[in-house]
Structures are given as structure tokens and as C-alpha cells.
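Scope of the values below: all heavy atoms of this structure, side chains included, with no hydrogens, waters or symmetry mates.
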Amino acid sequence: MDQTLARKVTPKPRRKGGAYTVGAEDIYIFPLSESTNIFLQKVWTAFVNKMVSMTLPNGKPVFQYAIFEAIQDKNLKIVASATHFRMKQVTDRIGLQSIDDFIRNTIPISIQDPGNLSARYLREAILSVEKKARPEVYFHSLDDERVHPNLKQLLTKTMNYAAGIPLFVKGFPIGMLWGIRRDNMSPEQEEEVRQQLYSLYDVVDFVISKEMGLKGDPYYARKNIEKSDLHSRAKHLFYTRGFGQDEPVTTIVFDSHTYQRSYRLDASFLIPSGDGYSVSLKRFEPKERNDTGKNLLLIPGFFCRRSVMDKVARELSLRHGYRVFSMDMRGRSRRTLPLFGIREGWTVDDFIQEDFPAVLGWIKENFPNEQLVVVGHSMGGMIPRFYCSAYEEIVKQKPNPTVPLLDPKELISGIVSITSPNFVRLQAQIPGLDILKMGLKLVPSKTISDFLFDLTSFSLQTTLPTVDLNKFFKFLLGLHSSLRAVSFDLHAKVVNLRDFVGYKQISPPEWYFLIEDIFCEESTKVVLQFLRSQLSQDRSFLSYDGTLDYTALQKNLQIPLFSVLGSVDKVVPSETIENDLAALPHKKNKILSYEQGHLGIVFHMPVVKEMCSEIDSWIKGLDST
């Protein structure tokens with residue numbers, strides 16, 4: 001920060017004469033170019049978002065606050081700030097002074113100001129970078145040191161300690177990034193933070209250098225910075241010819257200082273599916289694998305890209321030694337869509353009957369001697385269960401399938417189903433839902449289905465599509481006088497933020513990450529299938545044409561199943577899982593519960609660690625008699 005925060009830092013007197021050695025005080029800091037400054041303005045929120053989302057190995061957040069001081073002409077000025085506490089206040093709808101107000105209250109500090117330690121650190125960093133080294137990471141006590149007058153008024157009682165690193169792009173400094181916390185850090189914690197900040201320094205330099213061209217995309221720059229793995233450091237980047245791929249696959253070799261393991265990341269393998277769609281796979285390949293002979297396939301849920309499973313993927317791969325594939329189904333990225341655009345949407349049946357078997361075939365072809373365990377979250381757990389249990393019926397209905405339908409018993413040795421229902425029964429706050437179900441009894445099912453198509457609308461510019469409940473209620477209000485008393489929110493979403501996330505520990509950057517990177521658009525037909533299950537009086541999930549009752553067919557499931565529940569999950573309450581799964585006969589079946597909500601169970605690191613350890617033990621026991 002622009003204040004004397006260091007442990008007993010005494011500024012050196014300026015040199016009066018010339019000397020052979022160039023010192024930090026001799027360095028001139030150039031203003032940023034206009035083009036660099038314009039691009040950074042669209043990206044620097046990612047710096048502070050990533051800073052407050054940093055965690056220690058135990059999963060606890062490192063910093064409660066983060067600020068970025070950018071070089072602005074001949075000054076340094078705080079231009080971006082984030083706080084780890086903001087999410088709880090947003091979900092509780094408590095008023096909070098906006099970050100914009102905080103930034104407006106900051107005053108630029110001259111780079112020539114003797115009290116501007118951030119400027120001094122930038123000068124020292126220039127010397128380090130010139131010698132092909134990373135800048136120093138600085139740790140400070142804010143209570144014991146002088147604070148620059150322009151910044152003293154901004155500090156609160158919870159801002160006691162700080163850690164910072166200068167940031168560079170293409171060899172030139174762009175500013176100083178600071179994380180601020182309430183409690184001091186142990187030497188071990190400082191070393192962990194130092195390693196993570198070195199990784200962040202590399203990521204910022206690499207990503208912005210790559211994207212800051214004529215065709216650079218600030219959105220992708222922000223996303224790639226915020227989703228980066230700071231517990232690892234990239235060693236090598238290659239473009240490889242992967243397993244029959246027409247386009248090159250990006251391959252990065254990492255050293256993870258957290259897991260003490262090297263690994264390879266491949267992104268992405270593209271696998272053709274039906275009707276011009278594709279499936280995309282990301283691979284985590286640890287340098288030393290375990291001896292189970294099992295590969296893992298991770299599948300995300302409704303509205304979600306594979307990034308939602310990254311913590312689970314890294315834990316299973318880097319701690320437990322599995323080769324892990326993380327799957328994006330059709331529609332999750334541009335590369336999975338038909339070349340000439342979408343003619344019509346897709347259904348959950350397309351996920352089950354085309355995308356999933358396409359991946360099974362690809363894995364079997366490339367790893368013929370290894371078995372597969374499928375780990376799915378939410379809808380991602382429904383896909384393998386429904387495919388395996390309905391396999392015989394699907395084969396009967398599709399004598400000439402677009403994608404070969406592999407017998408799951410020949411390849412899949414187990415399924416891990418995380419907060420994944422047998423049917424849809426939301427307990428989230430949806431205005432008028434009970435009355436809505438009553439009204440549906442009065443309407444022919446075909447009328448409901450046709451009307452639902454008109455209700456559901458999406459925009460390519462939105463990341464979290466919603467169903468227009470207003471039109472739905474108006475439709476029902478016109479059918480029966482007993483419904484006229486219903487009141488509803490004109491802009492209600494299907495699931496509110498708190499119920500969907502389901503755990504209080506989430507930080508603003510994590511929520512931003514969800515909206516910007518994990519949540520994706522979904523086909524209208526998929527939404528309709530979920531709404532049909534939610535609004536029906538039966539405990540079932542049907543195929544789009546209504547000919548298959550996937551829920552009822554689960555009695556045929558012969559593959560071992562490990563089901564993980566969230567006891568406070570309002571999106572997938574336990575009643576939609578445990579009763580049906582408990583009745584399945586396989587002796588290897590297991591049910592485990594954690595006090596978490598729908599996304600918290602794959603986001604909250606202590607739970608992720610414990611759950612992955614249980615998954616590892618369960619997988620190792622699959623081959624025992």
C-alpha cells in the first residue's frame with residue numbers, strides 16, 4: 001500500500017553522486033500507456049477478486065480485504081477493492097457502503113512522495129524483473145507502522161496485517177496488489193501466501209500479455225485470472241496432438257506446492273456427439289498415479305460448466321492420484337455447439353443418451369484396460385444413474401443410435417452421485433408454488449407443455465437464465481377463481497441466491513466466479529423437463545417425450561452407487577434421494593451426508609477434502625469381495 005507498512009523499513013537517503021550500481025532509488029517509473037490503462041480498467045477487478053478468494057491449505061480465506069493500486073500518470077491510486085464479507089450482507093440484504101464509494105474517497109499519491117512505499121517496492125521490483133527474477137512479496141503490520149495520511153482514514157479496526165506484490169505485464173510495472181487481514185500469519189502461512197502470490201504474478205503477466213492485443217477480450221482475461229490455480233505453478237506449456245483431435249490441445253505441466261505433486265492439465269479434448277454437437281473434456285494427469293486402475297469422469301450439474309468441479313477434480317487427482325476427466329456437455333461452450341448454429345435446443349435425454357455414451361466410447365478407446373468411476377454433481381449424477389438403469393430401454397428405443405450405446409456394466413465400476421436427485425422437488429423460496437401445483441390439476445398436460453415453451457426465454461447476454469413466473473401465474477389465474485388470491489414477485493427467479501449456493505462461507509469472488517464462469521445458458525427443453533418434474537404430482541423424472549420414467553427405472557441399477565447428500569440442501573432435499581437409493585440392493589452402495597447446501601458441498605474445501613477421502617476409500621473397496 002502507499003504507506004509505511006513494512007517491518008521497521010527505514011527509507012535510504014537519496015544518492016548525491018553517481019555510482020556503478022543502480023539502486024532502487026535511481027529507478028524511474030514510467031506512466032502506463034493509454035491502451036494498457038484502458039485494457040487494465042476492464043480487468044483489474046479480477047486482481048482483487050482473486051486476492052480475497054485465496055485460501056490456506058485448510059480452506060480458510062487468507063485475506064478479508066484486497067486493494068489494487070494502479071499507476072495513474074505520475075501517481076499511484078487505489079482503483080479496485082474487494083471484501084470477503086460482502087456476500088453475507090448481499091444475501092441478507094443489509095446496506096453496505098459500495099466499493100465504488102470507497103474508491104472515490106481515495107486520493108492519488110505521487111510516486112515521488114517519500115512516504116509512498118508502494119512506489120519504492122515497484123522500483124525494487126523493476127530491478128528484480130530486469131534480473132529475470134520475480135518481485136519480492138512484502139508482509140506488514142498495519143498497527144505498528146506509520147500510515148500515509150491519504151490512506152489512514154480508509155483503514156478499519158479489522159485491517160491489521162497486509163501482504164503485497166508488485167504486478168508486471170510484459171516487463172513493465174502496472175501497480176501494487178495488496179491483501180489485508182485481521183490476524184497475523186505464522187512463518188508457514190507466510191510461505192504459503194508467498195508461493196500463491198508468485199503464481200498470481202505469473203498468471204496476471206501471462207493472461208494480460210496474451211489478451212491485450214487488438215482482438216484481446218477483457219472478459220476472458222478476468223475469467224482466466226479468477227479461475228487460475230494459485231496452489232500450482234506452470235512449468236511448461238505445449239500444444240499437443242491429443243487422441244485423434246483435429247485441433248491442438250493446450251497442455252500445461254504444473255508443480256503444485258500445496259499437494260507436493262507435479263501434474264499435467266490438458267484442455268480440451270473434443271468428442272463428437274449427436275446432431276453436430278460435441279462434448280469437451282479437461283484432463284488432470286498426476287505424475288504419480290495410484291494403483292487402482294480406475295479413471296474418474298466428473299460431470300457438472302444443471303446450468304453449470306465443469307469448472308464447478310475443479311476443487312473436487314484437483315483433490316482426487318493431486319492428493320489421491322487418479323487420472324481425472326472433467327466433462328462439459330453440449331451447450332457449455334462455443335466449441336461444443338454445431339458449426340452452423342443451433343437449429344433447436346437439446347434435452348436431458350441428449351445428455352444421457354448421446355453425450356454420455358460418446359464420452360464412454362472415447363475413454364474406452366483410449367484407455368481400454370482401465371475401468372471408470374463416474375462422479376456427478378446434481379444433474380451430473382442423474383446422467384450416469386439414468387443411463388445405466390435405463391440402458392435396456394434406451395437400446396430398445398434406439399435400434400440405430402447416432403452414438404454407439406456401450407453397455408455400462410463393461411466399463412463403469414462405480415457411480416458417485418453428489419446432491420443428485422431422483423426427481424425434482426425444490427424447497428427454495430418460489431412464490432405461489434404450492435398454489436401453482438393445485439392449478440396444474442385443472443389443466444391438460446399437453447396444454448402445460450406447450451405453454452411452458454412460450455414462458456421460457458433466454459438471452460445470449462445473460463449468464464443466469466430465469467423462467468418468467470409472472471406469465472405462468474397469470475395463465476393459471478385465468479383458469480380458476482381460487483387462484484386469484486396468489487401474490488407473486490414479478491421478477492422472481494426459480495432459485496434464489498442463498499438457496500442455490502447453500503452455504504454461508506462463499507465469498508464475493510466465488511459468487512462472481514459462479515456467475516461469470518460456472519453458470520451457463522441452458523436449453524429451453526432441459527428447463528421444461530425439470531419444471532415438469534417439479535410441478536408434477538408424481539415423484540418422477542420423465543424423458544422429454546414422456547416414454548421413459550427414469551426415476552422408476554432406477555430399480556434396475558446394478559452398478560455400485562455412493563450417494564452424497566447435503567443436509568441443508570434446498571435445491572435437492574434429501575427426500576428426493578435417500579428413500580429411493582436406500583432401497584437399491586447392491587452391497588457396495590453407500591450414503592453419506594454433510595451439513596452443506598447444493599454448491600457448498602463441492603466448494604467448501606474442508607468438506608471437499610473429507611468427501612474426496614471417502615470417495616477414494618470407497619473406490620479402493622469396489623474390487624474387494
In short, Met611 meets Val602 closest at the heavy-atom pair CE-CG1, 4.5 Å
Heavy-atom closest pair (Ile601 atom, Val607 atom, distance to 0.1 Å) is O-CG1, 3.8 Å
With rounding to the nearest 0.5 Å, note down the distance linking [atom1] in [X] to [atom2] in [Y].
X      : Y      : atom1 : atom2 : answer
Ser262 : Arg233 : OG    : CZ    : 12.0 Å
Gln196 : Glu191 : CD    : CD    : 11.0 Å
Ser326 : Leu298 : OG    : CG    : 5.5 Å

Is there a donor-acceptor contact under 3.5 Å from the side chain of [X] to the main chain of [Y]?
X      : Y      : answer
Arg264 : Glu285 : no
Arg332 : Arg305 : no
His377 : His598 : yes
Glu211 : Pro218 : no

By side chain to side chain donor-acceptor pair (under 3.5 Å), Asp202 pairs with (sequence neighbours left out) Arg134
Check this for me: Tyr239, atom OH, are more than 12 non-hydrogen atoms of other residues, nucleotides or ligands nearer than 6.0 Å? no
More than 12 heavy atoms from other groups under 6.0 Å of CD on Glu136:
yes
Q) Under a 4.0 Å N-O cut-off, is there an ion pair linking Glu124 with Arg120? A) yes
